[in-house]
Trainee: 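One structure, pasted below without further comment.
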Amino acid sequence: MDAGKLTIAGQHTHVYDMDNGDRVETAQDALPDCHCAGRTWWVHSVRGAAGEKPDRDVRMVIDVNGYISVAEEIDRREKVEVVYTPPRVVIPDKLPVQAIGSAAFEQEIHMVVHPLGDRSRVKVSGTATNAIRYVGDEQITTAAGTFTARRLSSTLTANLGTAKSVDTTEQWWADGIGLVFEQSREVTHALGLKVRDNSATMALRSYEAGK
């Protein structure tokens, strides 16, 4: 496995099992024909029965640095649309070696949260710090098989007016397949009081190769 770039997954459908018993299916549009800045595609997620309308759409983009990033999210469960400027990096183009005591990659971004279907209005907005660390390559087993995967540890700390949220995510990515395992936690405080503390785990059950 090359210690540099992580190959974009060629599959177009992934099915995950969540720790609460839910099923999540993700499907993506045709992938870009090259790992070039400006290439973009959508990933659609359905939580529940297959064939339902996606409850989350994410527009991915390869940014000016060649990083795989999220430009915007449409979340129908939360009834919001989130825009990131610049796009929020998910996978740096060159995965750095483990850094001791500091993040291996860090960026400052601006977040704007709109009500679902109305980007003329703003619910909240503010700045966020996105920190990503490449922990190393690890073997991980799910219902879909055993994979050698790259473990990325990410923390998104956002200050949105009177609210502050911290999202921590551990992800395992396998070359040519994509995300195989994820553990996440979101904690939000408003006016000094904790208003949200959600955690979730999802593991790859199956994947289908794209055409």
Trainee: Do the charged groups of D55 and R47 touch, with an N to O distance under 4.0 Å?
Mentor: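 Here D55 does not pair with R47 in a salt bridge, since their nearest N and O are not under 4.0 Å apart.
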Trainee: Do the non-hydrogen side-chain atoms of H44 and V46 ever get within less than 4.5 Å of each other?
Mentor: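 Contact flag for H44/V46 side chains = no.
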Trainee: Are any side-chain N or O atoms of Q183 and backbone N or O atoms of A200, one a donor and one an acceptor, separated by less than 3.5 Å?
Mentor: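 No.
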Trainee: Are V124 and V80 linked, directly or through other ILVMFWY residues, by side chains that come within less than 4.5 angstrom of each other?
Mentor: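 Yes, one cluster joins them.
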Trainee: Taking the side chain as every heavy atom from C-beta outward, state whether T146 and I140 have any pair of such atoms under 4.5 Å apart.
Mentor: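 T146 vs I140: side chains apart.
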Trainee: Roughly how far, to the nearest 0.5 Å, is the CG atom of D167 from the CG atom of L156?
Mentor: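 Going from the CG atom of L156 to the CG atom of D167 covers 5.5 Å.
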Trainee: Heavy-atom distance under 4.5 Å between the side chains of I74 and W42, does that happen here?
Mentor: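 Side chain of I74 against side chain of W42, heavy atoms only: contact under 4.5 Å found.
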Trainee: Do P54 and R76 touch side chain to side chain, with heavy atoms closer than 4.5 Å?
Mentor: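 Yes, at least one pair of side-chain atoms sits under 4.5 Å.
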Trainee: If you compare all heavy atoms of D63 against all heavy atoms of A37, which two are closest, and at what distance to 0.1 Å?
Mentor: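 Minimum heavy-atom separation between D63 and A37: O-CB, 3.3 Å.
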Trainee: Heavy atoms only: give me the nearest Y84-V70 pair and the separation to one decimal.
Mentor: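 Reported closest heavy-atom pair: CD1-O, 3.7 Å.
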Trainee: Examine L204 and M18 and state if one hydrophobic cluster contains both, with Ile, Leu, Val, Met, Phe, Trp and Tyr joined whenever side-chain heavy atoms are less than 4.5 Å apart.
Mentor: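 Yes, one cluster joins them.
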Trainee: Give me the atom names and distance for the closest heavy-atom approach of I109 to P87.
Mentor: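 Minimum heavy-atom separation between I109 and P87: CG2-O, 4.4 Å.
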Trainee: Between S154 (side chain) and I132 (backbone), is there a donor-acceptor pair under 3.5 Å?
Mentor: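 No; zero donor-acceptor contacts below 3.5 Å.
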Trainee: Answer whether the closest heavy-atom distance between the side chains of Q28 and T13 falls below 4.5 Å.
Mentor: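 Sidechains of T13 and Q28: no contact.
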Trainee: Is a side-chain donor or acceptor of T188 paired with a backbone partner of R196 at a separation under 3.5 angstrom?
Mentor: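 Side chain of T188 to backbone of R196: no pair is present.
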Trainee: Between atom CD of E106 and atom OG1 of T129, what is the distance when rounded to the nearest 0.5 Å?
Mentor: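 Going from CD on E106 over to OG1 on T129, the span is 5.5 Å.
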Trainee: Please examine the side chains of D75 and E81, heavy atoms only from C-beta on, and report whether any two atoms are closer than 4.5 Å.
Mentor: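 No, their side chains stay 4.5 Å or more apart.
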Trainee: Rounded at 0.5 Å granularity, tell me how far CZ in R185 sits from CG in N198.
Mentor: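 Answer for the CZ-CG pair, R185 versus N198, is 9.5 Å.
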Trainee: Give a yes or no answer on whether the side chain of H14 reaches the backbone of I177 with a donor-acceptor pair at less than 3.5 Å.
Mentor: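 Confirmed, H14 side chain pairs with I177 backbone.
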Trainee: Please round to the nearest 0.5 Å and tell me the distance separating atom CE of M202 and atom CD of E182.
Mentor: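 So the CE of M202 and the CD of E182 are separated by 4.5 Å.
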Trainee: Should K79 and P115 count as side-chain neighbours, where that means a heavy-atom distance under 4.5 Å?
Mentor: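 Side chain of K79 against side chain of P115, heavy atoms only: no contact under 4.5 Å found.
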Trainee: Just by modelled atom types, is the V89 backbone N or O under 3.5 Å from a matching donor or acceptor in the N130 side chain?
Mentor: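 Yes, the answer is positive, given that a donor and an acceptor are paired below the 3.5 Å cut-off.
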Trainee: Could you give the distance from OG1 (T141) to CZ (F181), rounded to the nearest 0.5 Å?
Mentor: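 Interatomic distance, T141 OG1 to F181 CZ, rounded to 0.5 Å: 10.5 Å.
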Trainee: To the nearest 0.5 Å, what is the distance between OG1 on T85 and NE2 on H110?
Mentor: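 Going from OG1 on T85 over to NE2 on H110, the span is 7.0 Å.
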Trainee: Under 3.5 Å, is there a donor-acceptor pair between the side chain of H114 and the main chain of V82?
Mentor: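 Looks like no, no N/O pair under 3.5 Å.
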Trainee: Check this for me: does any side-chain nitrogen of one of E72 and R119 sit under 4.0 Å from a carboxylate oxygen of the other?
Mentor: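 Yes, this pair counts.
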Trainee: May I ask you to test the V180-Q171 pair for a side-chain heavy-atom distance under 4.5 Å?
Mentor: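 Counting from C-beta outward, V180 and Q171 never come under 4.5 Å.
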Trainee: Please check if the side chain of S69 supplies one atom and the backbone of Y67 the other of a donor-acceptor pair under 3.5 Å.
Mentor: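 The answer is yes, because a donor-acceptor pair under 3.5 Å joins these two groups.
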Trainee: Report whether M60 and I62 are members of the same hydrophobic cluster (ILVMFWY, side-chain heavy atoms less than 4.5 Å apart, transitive linking).
Mentor: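 Looking at the clustering, I62 is in the same group as M60.
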Trainee: Indicate yes or no for a side-chain donor-acceptor contact from Y16 to the backbone of L179 under 3.5 Å, with no hydrogens or angles considered.
Mentor: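 Present.
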Trainee: Can you confirm whether more than 12 heavy atoms, excluding those of R121, are under 6.0 Å from its CZ atom?
Mentor: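 Incorrect, the count does not exceed 12.
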Trainee: So that I can tick it off, tell me whether R88 and E73 are bridged by a salt bridge, with the cut-off set at under 4.0 angstrom between side-chain N and carboxylate O.
Mentor: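 So E73 pairs with R88 through a salt bridge.
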